[in-house]
2 protein chains.
Amino acid sequence: MFSKACEYGIKATIYIAVKSMHQERVSLKEIAEEVNSPVAFTAKILQSLAKSGIIDSHKGPTGGFQIEESNIDAIKLYDIVNAIDGEKIFVGCGLGLEQCDASQPCPVHDKFVGIRDNLKIMLQNTSLYELATGLDIGLTHLKR
Amino acid sequence: MFSKACEYGIKATIYIAVKSMHQERVSLKEIAEEVNSPVAFTAKILQSLAKSGIIDSHKGPTGGFQIEESNIDAIKLYDIVNAIDGEKIFVGCGLGLEQCDASQPCPVHDKFVGIRDNLKIMLQNTSLYELATGLDIGLTHLKR
DNA sequence: TTTATTTAGGATAAATTTGTCCGAAATAAG
DNA sequence: CTTATTTCGGACAAATTTATCCTAAATAAA
C-alpha cells in the first residue's frame with residue numbers, strides 16, 4: 001500500500017510528535033531505534049519532511065527533530081503521505097491508462113475511484129495529534 | 001496501488017475474457033497491442049496466470065490464450081490480483097510492523113484495516129464477467 | 001515430414017526503490 | 001577557539017521491479 005519510505009516517514013513523524021508534545025527534541029539515532037527503521041534511509045526521509053515543512057530540524061549538539069506543538073493537530077496523515085510518496089497515489093487510473101475518467105472509464109474505474117476516495121478521506125481526516133496521543137498513552141505502538 | 005505487472009495482468013485477462021465470450025483465442029501479440037503493454041513482460045505475466053489456472057494457453061499456430069467461458073463469472077478480480085501480486089497486499093500492517101493486530105495495534109491499524117477490507121471486498125465481489133461485458137459493449141476501454 | 005507459428009522459460013538488462021557511507025556544514029558547550 | 005555532536009547532502013551500492021532477448025518446445029497445416 002505505502003512505500004517503505006512512507007512507512008518509515010509516518011512512524012518517525014508520529015514518534016517526533018509524541019516527544020514534541022512533551023517539549024522534547026529527538027535525534028535521528030533515537031528515532032530510528034524507537035521506530036525500527038534503517039538509520040541512514042530514515043535520515044533521507046526526515047530531510048525531505050523537513051524541507052516540506054512538516055517537521056523542524058536543528059543541527060549540532062542538542063540538535064534533532066521536533067514539530068511545533070501548535071501544528072500537530074493541523075498536520076494530517078495525508079500531508080505526510082503526500083510529502084513522501086507524492087500525489088500520484090491519489091491520482092491516475094487504477095489500470096495505468098492515460099485516458100480514463102467518468103466519461104471514458106477503464107473497466108475498474110468506478111470501483112477503484114470509490115476505494116481510493118475512501119483512502120484519501122481517511123488520510124485527510126486523520127490528524128497527527130490523534131495518532132501521537134494514541135501512542136503516548138500506550139494504546140498503540142511502533143516497535144517490531 | 002497495483003503493481004505494473006498487476007495492471008497488465010488485469011487488462012490482459014479482461015481482454016482475453018471478451019474474446020473468449022466470442023469463442024475466440026488471442027495471441028500474446030494481439031493482447032499486448034490491444035492492452036498497450038510491453039510484449040515480453042506481458043508474456044511472463046500471462047505465463048504465471050496460466051500456471052495459476054486463471055487462463056488457458058495453447059502453443060503452435062492458431063495457439064494463444066483463452067478462458068473457459070463457464071469460468072468467466074466465477075473468476076473475481078481478487079483472483080487475478082492475488083495470482084500476480086500475492087496476498088501480501090491484503091495482509092500485514094500498514095506501517096510494516098511485524099507485531100500488529102487489534103490487541104496490539106499500530107497507530108493506523110483500525111483505519112487502515114477498514115480501507116483494506118473495503119478493497120478486498122470490492123475485488124472479491126467484482127467478477128471478470130462484468131468487467132469483460134462492460135468492455136465488450138463499449139462502456140469501458142483499455143487502450144491509452 | 002517439413003515448415004511456420006506460437007507459448008515456455010532462462011538469461012540478462014534497465015529502472016526504480018531501498019539502503020549505506022562519508023565528508024561538509026552548523027552549532028552548542030567547554 | 002576548539003571540540004564534540006548532529007543534520008545535510010552527494011555518491012554509491014544492493015534489492016526489487018520492470019522489461020528485453022533468444023532458444024526450446026509444442027503444434028497446426030501443407
Side-chain angles (χ1 to χ4, degrees), chain A residues 1-13 15-16 19-20 24-67 81 83-86 88-89 95-96, chain B residues 1-13 15-16 19-20 24-67 81 83-86 88-89 95-96:
Chain A
M1 188 71 119
F2 299 125
S3 66
K4 280 294 166 192
C6 209
E7 287 180 8
Y8 300 150
I10 293 170
K11 290 195 291 183
T13 305
Y15 184 74
I16 297 167
K19 289 297 182 174
S20 293
E24 282 176 38
R25 196 180 272 173
V26 280
S27 72
L28 166 65
K29 193 177 161 234
E30 178 182 339
I31 295 167
E33 276 168 7
E34 291 298 319
V35 146
N36 196 33
S37 62
V39 184
F41 191 38
T42 304
K44 297 294 187 194
I45 298 159
L46 292 180
Q47 260 179 59
S48 85
L49 285 172
K51 278 188 184 168
S52 303
I54 293 174
I55 65 179
D56 298 326
S57 67
H58 294 271
K59 294 180 182 175
T62 79
F65 299 90
Q66 73 193 88
I67 303 175
V81 173
I84 300 173
D85 280 355
K88 64 183 185 301
I89 313 171
L95 298 183
Chain B
M1 188 73 120
F2 299 125
S3 65
K4 280 290 167 192
C6 208
E7 287 180 10
Y8 299 152
I10 293 170
K11 291 195 290 182
T13 305
Y15 183 75
I16 297 169
K19 290 296 182 173
S20 293
E24 282 177 38
R25 196 179 274 175
V26 280
S27 71
L28 165 66
K29 193 177 162 234
E30 178 181 340
I31 294 167
E33 276 168 6
E34 292 298 320
V35 146
N36 196 33
S37 62
V39 184
F41 191 39
T42 304
K44 298 293 185 194
I45 297 159
L46 293 180
Q47 261 178 59
S48 84
L49 285 172
K51 276 188 184 170
S52 302
I54 293 173
I55 64 178
D56 299 326
S57 68
H58 294 271
K59 294 179 181 175
T62 79
F65 299 89
Q66 74 193 89
I67 302 174
V81 173
I84 299 172
D85 280 354
K88 64 183 184 299
I89 313 172
L95 297 183

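A note on names: the letters A, B, ... follow the listed sequences, proteins ahead of strands, and every chain is numbered from 1.
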Starting from [atom2] on [N], measure out to [atom1] on [X] and report it in whole angstrom.
X     : N      : atom1 : atom2 : value
B/Q66 : D/dT27 : CD    : C1'   : 15 Å
B/K4  : C/dT16 : NZ    : C1'   : 13 Å
A/F2  : C/dT18 : CZ    : P     : 13 Å
A/D56 : D/dC8  : CG    : C1'   : 15 Å
B/I45 : D/dA19 : CD1   : P     : 8 Å
A/I55 : D/dT7  : CD1   : C1'   : 11 Å
A/L49 : D/dC8  : CG    : P     : 11 Å

Checking B/D56, B/I31, B/L49, B/I54 against B/I16 for side chain to side chain contact (heavy atoms under 4.5 Å, CB included), the one that qualifies is B/I31
How many angstroms lie between atom [atom1] of [X] and atom [atom2] of [Y], to the nearest 0.5 angstrom?
X     : Y     : atom1 : atom2 : answer
A/I67 : A/S20 : CD1   : OG    : 5.0 Å
A/S37 : B/L95 : OG    : CG    : 11.5 Å
B/K4  : B/I84 : NZ    : CD1   : 13.5 Å
A/K44 : A/F41 : NZ    : CZ    : 10.0 Å
A/I55 : A/F65 : CD1   : CZ    : 5.5 Å

Sugar-phosphate atoms are those with a prime plus P, OP1 and OP2; base atoms are the rest. Using that split, label each nucleotide of nucleotides 1-11 of chain C B, S or - for protein heavy atoms under 4.0 Å, 5' to 3'. ---BBBBBBBB
More 5' along DNA chain D: B/R25 or B/F41, using each one's nearest nucleotide? B/F41
Just to confirm, is there a sub-4.0 Å distance from OP1 or OP2 of D/dT18 to any side-chain nitrogen or oxygen of B/Y8? no
